[in-house]
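In what follows, a single structure is set out as structure tokens and then discussed.
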Amino acid sequence: MLYLKRCMVSFAISAFFGALVNLIVDVIANSAGKEGFISMTPEFRALFPTPVIASYVNVMLYGVIGATFAGMTFLFELDRLGFVIQSVLYFLLTIIIVLSITVLIWQLHRYPQAMISTVAGYGGTYLIMGIRQYRELKTNIRLINDELDQPAAVK
């Protein structure tokens, strides 16, 4: 139930901020003279009968991305896997879902530089987060071991 709640909260937050960012981009672009600008690729909009439906689906897909990140955290509760395998599985599962959605929304497969920079940015961010989590894990283990090493009389 905890993971479902996490998914729902992350879905709502991601959908909200995705819509907010799109709104900001649209306002700036339209203010700069690009009348009728909509922050979606024409190819994505063409998948739907109206731009309004495309906008709703776009926002929902942002929510799915957020829910994916939250939902996949269950992997870190599977103690038998170990931190490295948990991290690799989390990375692979989330990048497959995220790339599938972003290729659909932003048509990244049509823009190789955008695809490369998206994968590199995601990979770099995940690497930084993984190193930080690993250091925190080591610190926690050291603190637990220090606590266990103290004589019983001192406790």
Side-chain angles (χ1 to χ4, degrees), residues 1-32 34 36-48 50-143:
M1 199 53 130
L2 172 67
Y3 293 105
L4 182 58
K5 183 179 175 182
R6 281 184 190 171
C7 287
M8 291 184 332
V9 169
S10 288
F11 180 93
I13 291 169
S14 298
F16 172 77
F17 281 105
L20 182 63
V21 167
N22 281 357
L23 176 65
I24 292 168
V25 169
D26 290 350
V27 167
I28 291 171
N30 282 284
S31 297
K34 293 186 176 187
F37 178 84
I38 300 174
S39 54
M40 289 180 286
T41 62
E43 296 87 0
F44 181 75
R45 280 196 320 251
L47 296 173
F48 304 94
T50 68
V52 173
I53 293 173
S55 294
Y56 289 142
V57 171
N58 188 33
V59 169
M60 298 283 286
L61 290 173
Y62 285 138
V64 170
I65 289 171
T68 297
F69 284 115
M72 291 299 165
T73 60
F74 85 91
L75 290 169
F76 293 103
E77 300 297 324
L78 303 175
D79 296 331
R80 290 174 277 149
L81 292 179
F83 180 73
V84 173
I85 293 174
Q86 290 167 335
S87 297
V88 169
L89 282 175
Y90 182 86
F91 175 81
L92 292 174
L93 291 172
T94 55
I95 199 165
I96 288 169
I97 292 168
V98 169
L99 279 181
S100 298
I101 292 171
T102 55
V103 162
L104 175 65
I105 295 173
W106 297 317
Q107 302 291 304
L108 290 181
H109 60 287
R110 295 176 186 261
Y111 310 99
Q113 295 92 346
M115 177 72 95
I116 291 167
S117 66
T118 299
V119 172
Y122 181 75
T125 301
Y126 192 78
L127 183 63
I128 291 167
M129 289 173 28
I131 290 169
R132 187 182 163 281
Q133 286 175 318
Y134 178 74
R135 287 181 178 167
E136 187 175 322
L137 184 64
K138 278 181 56 175
T139 300
N140 290 342
I141 289 170
R142 183 181 45 78
L143 291 173

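Atom OG1 of residue Thr50 and atom OH of residue Tyr56 lie 8.5 Å apart, to the nearest 0.5 angstrom. Interatomic distance, CG of Leu61 versus OG1 of Thr68, reported as 10.0 Å (0.5 Å rounding). Atom OG1 of Thr41 is separated from atom CG of Asn58 by 8.5 Å, given to the nearest 0.5 angstrom. Within the model, atoms CD1 of Ile96 and CZ of Phe91 stand 9.5 Å from one another, a figure rounded to the nearest 0.5 Å. Note that the OG1 atom of Thr139 and the CD atom of Glu136 stand 7.5 Å from one another [nearest 0.5 Å].
The heavy-atom pair separating Tyr90 from Tyr126 by the smallest distance is CD2-CE1, 3.3 Å. Here the shortest heavy-atom pairing between Glu77 and Gln86 reads N-NE2, 4.3 Å. Here the shortest heavy-atom pairing between Pro51 and Met40 reads O-CE, 4.0 Å. Nearest heavy-atom pair, Ser87 versus Phe76, reported as atom, atom and distance to 0.1 Å: OG-CE2, 3.9 Å. Closest approach of Leu81 and Leu75 over heavy atoms only: CD1-O, 4.5 Å.
Using a 4.5 Å heavy-atom threshold, the side chains of Ile97 and Met72 count as touching. The side-chain heavy atoms of Ile85 and Leu78, taken from C-beta on, include no pair separated by under 4.5 Å.
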Compile the donor-acceptor pairs under 3.5 Å between side chains in residues 5-31 and protein atoms, sequence neighbours left out, one pair per line.
from, atom 1, to, atom 2, distance (Å)
Arg6, NH1, Thr73, OG1, 2.9
Ser10, OG, Arg6, O, 3.2
Ser14, OG, Ser10, O, 2.9
Asn22, OD1, Ser39, OG, 3.4
Asn22, OD1, Tyr62, OH, 3.3
Asp26, OD1, Ser39, N, 2.8
Asp26, OD1, Ser39, OG, 2.9
Asn30, OD1, Gly36, N, 2.8
Asn30, OD1, Phe37, N, 3.2
Asn30, ND2, Asp26, O, 2.7
Asn30, ND2, Phe37, O, 3.2
Ser31, OG, Val27, O, 2.7

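With sequence neighbours excluded, the residues satisfying side chain to side chain donor-acceptor pair (under 3.5 Å) with Tyr122 are Thr94. Legend: residues meeting side chain to side chain donor-acceptor pair (under 3.5 Å) with Ser117, ordered by chain and number and at least two apart, are absent.
Atom CE of Met60 sits in a sparse spot, with 12 or fewer heavy atoms from other residues, nucleotides or ligands closer than 6.0 Å. Heavy-atom contacts from other residues, nucleotides or ligands closer than 6.0 Å to CZ of Phe83 number more than 12.
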